[in-house]
Amino acid sequence: MCGDCVEKEYPNRGTICLENGSFLLNFTGCAVCNKRDFMLITNKSLKEEDGEEIVTYDHLCKNCHHVVARHEYTFSIMDEFQEYTMLCLLCGKAEDTISILPDDPRQMTLLF
């Protein structure tokens, strides 16, 4: 993957986990052809392993097809929570956990 094409490698995106798309604000331009344009998404795959859904794909320069980054997104259900992660040189790193219950047990206050 190409660190010369991005402003910051693996920026911290908090809880923003992208299953598809590109974080173009972090794309400074292609280090090979020196153009800043939209990205192509290629080699997209979806597989399930042990109850975990894994989506991977490559970000390519639209003009010269230089591989800028490899994107990985995961989704799983652990107990009463949906867990999401993202790791990509271009889009960054992020993780999020959301309760599948109507009322999130982490947000409940103890009544004593």
Side-chain angles (χ1 to χ4, degrees):
M1 305 316 102
C2 186
D4 294 332
C5 297
V6 297
E7 185 173 320
K8 184 176 182 182
E9 294 183 17
Y10 301 99
N12 185 351
R13 299 292 304 281
T15 59
I16 300 172
C17 298
L18 304 173
E19 184 177 352
N20 55 41
S22 304
F23 183 45
L24 293 177
L25 290 175
N26 193 35
F27 181 54
T28 57
C30 179
V32 174
C33 69
N34 297 316
K35 293 186 179 176
R36 187 170 191 268
D37 208 338
F38 292 106
M39 308 290 295
L40 295 176
I41 292 176
T42 62
N43 300 324
K44 190 168 185 175
S45 72
L46 168 64
K47 61 182 173 181
E48 285 193 37
E49 291 180 3
D50 300 324
E52 183 175 65
E53 185 178 293
I54 303 168
V55 176
T56 58
Y57 57 87
D58 295 332
H59 294 283
L60 270 63
C61 171
K62 176 184 166 188
N63 299 294
C64 70
H65 297 166
H66 168 68
V67 178
V68 174
R70 179 138 182 93
H71 190 102
E72 182 176 292
Y73 165 89
T74 63
F75 168 78
S76 62
I77 296 178
M78 299 296 281
D79 299 322
E80 299 170 343
F81 297 95
Q82 295 176 336
E83 296 185 351
Y84 304 86
T85 64
M86 175 183 72
L87 185 62
C88 176
L89 180 83
L90 174 68
C91 299
K93 57 185 174 191
E95 57 184 45
D96 196 11
T97 303
I98 299 171
S99 175
I100 61 175
L101 300 174
D103 295 315
D104 189 339
R106 298 171 300 176
Q107 307 297 324
M108 305 296 272
T109 57
L110 295 174
L111 300 173
F112 286 95

Exercise. Between Glu95 and Thr97, is a side chain to side chain contact (heavy atoms under 4.5 Å, CB included) present by the stated rule, with each step listed?
Worked result: CA-CA 7 Å; Glu95 57 184 45; Thr97 303; over 6 Å; no
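- Considering Arg70, Lys44, Glu72 as possible partners of Tyr57, the one that fulfils the side-chain contact (heavy atoms from CB on, under 4.5 Å) test is Lys44.
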Problem set entry | salt bridge (Lys or Arg N to Asp or Glu O under 4.0 Å) between Lys47 and Glu49, worked out | CA-CA 7 Å; Lys47 61 182 173 181; Glu49 291 180 3; 3.6 Å; yes
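- Linking ILVMFWY residues whenever their side-chain heavy atoms come closer than 4.5 Å, directly or via other members, leaves Met86 and Ile77 in distinct clusters.
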Problem set entry | Leu89/Tyr10 under side chain to side chain contact (heavy atoms under 4.5 Å, CB included): CA gap, chis, key distance, verdict | CA-CA 5 Å; Leu89 180 83; Tyr10 301 99; 3.6 Å; yes
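- Using bins of under 30°, 30° to 60° and over 60° for the plane-to-plane angle, the ring pair His59/His71 lands in the perpendicular bin.
- In this structure, CG on Leu90 lies 5.5 Å from CG on Asn26, to the nearest 0.5 angstrom.
- Side-chain N or O atoms of Thr28 include one that pairs as donor or acceptor with a backbone N or O of Cys5 at under 3.5 Å.
- Met39 and Val32 are not part of a single hydrophobic cluster, where members link through side-chain heavy atoms under 4.5 Å apart.
- Atom NZ of residue Lys35 and atom SG of residue Cys30 lie 10.0 Å apart, to the nearest 0.5 angstrom.
- With His65 as the fixed residue, the side-chain contact (heavy atoms from CB on, under 4.5 Å) test singles out one of Leu40, Thr42, Asp58: Leu40.
- Heavy-atom neighbours of Asp4 CG from other residues, nucleotides or ligands within 6.0 Å: at or below the threshold of 12.
- Within a 6.0 Å sphere centred on NZ of Lys8, other residues, nucleotides and ligands contribute 12 heavy atoms or fewer.
- Hydrophobic cluster membership is shared by Tyr84 and Val55, with clusters built from Ile, Leu, Val, Met, Phe, Trp and Tyr side chains linked at under 4.5 angstrom.
- For the pair Cys33 and Asn63, the tightest heavy-atom approach, listed with the atom from each and the gap, is SG-CB, 4.1 Å.
- Residue Leu25 belongs to a hydrophobic cluster whose other members are Phe23, with links defined by side-chain heavy atoms closer than 4.5 Å.
- In this structure, the separation between OH on Tyr73 and CG on Leu46 is 10.5 Å, given to the nearest 0.5 Å.
- Note that CG of Asp96 and CD1 of Ile98 are 4.5 Å apart. Values are rounded to the nearest 0.5 Å.
- Distance CG/Leu24 to CZ/Arg36: 7.0 Å, rounded to 0.5 Å.
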N/O donor to acceptor pairs below 3.5 angstrom from side-chain atoms of residues 12-20, sequence neighbours left out:
unit_1: Asn12; atom_1: OD1; unit_2: Gly14; atom_2: N; d: 2.9
unit_1: Arg13; atom_1: NH1; unit_2: Cys91; atom_2: O; d: 3.0

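- Going from atom CD1 of Ile41 over to atom NZ of Lys62 covers 13.5 Å, rounded to the nearest 0.5 Å.
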